[in-house]
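Just so it is clear, the values below take in all heavy atoms, side chains as well, and ignore hydrogens, waters and symmetry mates. Here is the naming used below: chain letters follow the sequence lines, and residue numbers restart at 1 for every chain.
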Amino acid sequence: MPDIATPLVAWQRQHGRHALPWQGTRDPYRVWLSEIMLQQTQVSTVLGYYERFLQRFPDVAALAAAPQDDVLTLWAGLGYYSRARHLHRCAQQVVAQHGGAFPRSAQALQDLPGIGRSTAAAIAAFCWDERVPILDGNVKRVLTRVLAFEGDLAETRVERALWAQAQDLLPTQAADMPAYTQGLMDLGATLCSQRQPRCADCPLHAHCRARAEDRTAEFPRKTRKLKRSRVALTWLWLRRADGAHWLLPRPARGVWAGLWSLPECADAADAQAAVQGWTGTATPGETFTHVLTHRDMVITPWQFRFTGEAPSVEQLQQRWPGGRWLAPAELDAVGLPAPLSRLLRR
DNA sequence: TAACCGTGGAG
DNA sequence: TCTCCAAGGTT
C-alpha cells in the first residue's frame with residue numbers, strides 16, 4: 001500500500017483550497033450543511049445557496065424550528081430536493097434526540113436522515129479528526145487511478161473493496177485527517193480531473209500506477225449505463241387579469257416533491273376541459289424540454305388568461321387543494337422547479 | 001439491487 | 001449537440 005497521505009497532506013496545506021465559506025470552522029452544523037449541499041453538486045453552484053441558508057438559519061435550532069416550506073424555498077434551484085427534506089428532519093432529530101448537538105462519531109452520524117457513509121466520514125474527519133475514509137466521485141477517481149483499481153464500480157462487492165482500500169490509505173496521525181480529506185477532494189476537483197488530468201503537478205505523481213502505465217483515462221471503471229426515459233406533460237398556466245399565477249404544492253413523492261408548480265394535465269384536451277365555462281383567452285405555449293438525470297420532460301405550458309372574474313379561490317381549491325394565487329412579486333416566497341421559475345419570470 | 005432524485009458546467 | 005458528471009443517499 002503506497003503512502004499517499006504524507007505527500008497529500010503536505011500538498012493540501014500548501015496548495016489546496018482554504019478559503020471556501022465552510023472551511024476555517026469545525027462547527028458541525030456548518031460543515032454538515034456544506035456536505036449536504038455539495039452532494040452531487042459543484043462548489044460554484046453551492047456558494048450562494050450556502051450563504052443565504054446560513055443567514056436565514058444560523059444554527060441547527062433555527063433550522064429545526066422552521067416550517068419545511070421555508071427550507072424548500074431556500075433550496076429551490078439547487079436540485080435533489082429530498083436533500084432539503086432530510087436536512088430539515090435531521091435538524092429536528094438533532095434537537096429532539098441529541099440535545100441540539102450532532103453526535104460525535106461517523107457511525108452515529110449515519111443514523112441521521114440524509115447522512116450516508118461518505119458524508120458522515122467527511123463531517124467526523126473535519127470536525128473531530130476521526131480516522132474514517134470518504135468515497136465520493138472525486139475520491140473514486142483519485143484512488144482508482146493511484147491503485148490502477150480495475151474493478152467495475154457498478155458492482156457492490158467491488159465498491160466495498162474500494163472502501164476497504166480507502167480505509168487502508170488513511171494517514172496514521174488522526175490530526176492529519178482534515179487536511180488529508182480535504183486534499184483528496186481538492187485533488188479530484190482540480191488536478192485529477194476526468195479528462196486531461198494535470199499529472200505533472202500532482203503530489204501523488206510518483207505513487208500513481210495509472211500515471212506510470214499511462215492509463216489514467218481507464219479509471220474509474222464503471223459499466224452501468226444511464227437509461228433516460230421521456231415523459232410529456234401539459235402545465236395549465238392560469239393567469240388572472242392582474243397578472244397573478246395559480247400555483248399549488250406538488251405531491252410529497254416524485255420529481256420536485258414539495259415545491260410549488262402549475263396544475264398538471266394529461267394533454268391539451270385535458271387542459272381545455274379544465275377551463276370549460278370560464279371566460280378568458282387560451283394560448284397553447286411553446287413546448288420545451290427540461291432534462292433531468294434520468295428523464296427528459298417535454299413540457300407544454302397551456303396558458304389561460306382570465307378576461308373577466310376568475311372563479312373563487314374556494315372553487316379552485318376544490319379542484320387543486322392547497323393552491324393559491326401568487327403575484328409576480330411573491331414568486332420569491334415559494335420554491336419553484338427551475339424550468340417553472342424560468343417560465344414565470346420570462 | 002436497481003431505480004429514483006435536479007441542475008448546471010465542461011469539453 | 002451530446003455525453004459525462006459533481007463533497008450521494010434513499011427506497
Worksheet item: Side-chain N or O of His294(A) less than 4.0 angstrom from OP1 or OP2 on dC5(B)?
Response: yes
Worksheet item: With respect to the phosphate group of dG8(C), does any side-chain polar atom (N or O) of Gln39(A) fall under 4.0 Å of OP1 or OP2?
Response: no
Practice prompt. Quote, to the nearest angstrom, the P distance that separates dG8(B) from dG9(C).
Written response: 23 Å
Practice prompt. Compare side-chain N and O positions of Thr156(A) against OP1 and OP2 of dT1(B) and report whether any pair is under 4.0 Å apart.
Written response: yes
Enumerate the protein-to-nucleotides 8-10 of chain B contacts in which both atoms are nitrogen or oxygen and the separation is below 3.5 Å.
unit_1, atom_1, unit_2, atom_2, d
dG8(B), OP2, Arg342(A), NH1, 3.3

Worksheet item: Out of dT11(C), dG6(B), dG8(C), which nucleotide sits closest to the side chain of Thr119(A)?
Response: dG8(C)
Practice prompt. Looking at every strand, decide which applies to Gly188(A) at a 4.0 Å heavy-atom threshold: base, sugar-phosphate, or nothing.
Written response: nothing
Worksheet item: Asp136(A) has an atom CG; how far is it from atom P of dC5(C), in whole Å?
Response: 14 Å
Item to complete: Can you tell me the distance, in whole Å, between the CZ atom of Arg85(A) and the P atom of dG9(C)?
Response: 16 Å
Practice prompt. Check every strand shown and say whether Val43(A) touches a base, only sugar-phosphate, or nothing at a heavy-atom separation below 4.0 Å.
Written response: base
Discussion item. Just the rounded figure in Å: distance from C1' of dT1(B) to CG of Leu153(A).
Written reply: 16 Å
Worksheet item: Given side chains that start at C-beta, do those of Trp163(A) and Pro133(A) come closer than 4.5 Å, heavy atoms only?
Response: yes
Fill in: Residue mapping more 5' on DNA chain C - nearest nucleotide basis, Gln110(A) or Ala122(A)
Ala122(A)
Item to complete: Determine the contact category for Gln194(A): base if any of its heavy atoms lies under 4.0 Å from a base atom, sugar-phosphate if only primed atoms, P, OP1 or OP2 are that close, otherwise nothing.
Response: sugar-phosphate
Fill in: dT7(B) phosphate, OP1 or OP2, under 4.0 Å from Tyr49(A) side-chain N/O
no
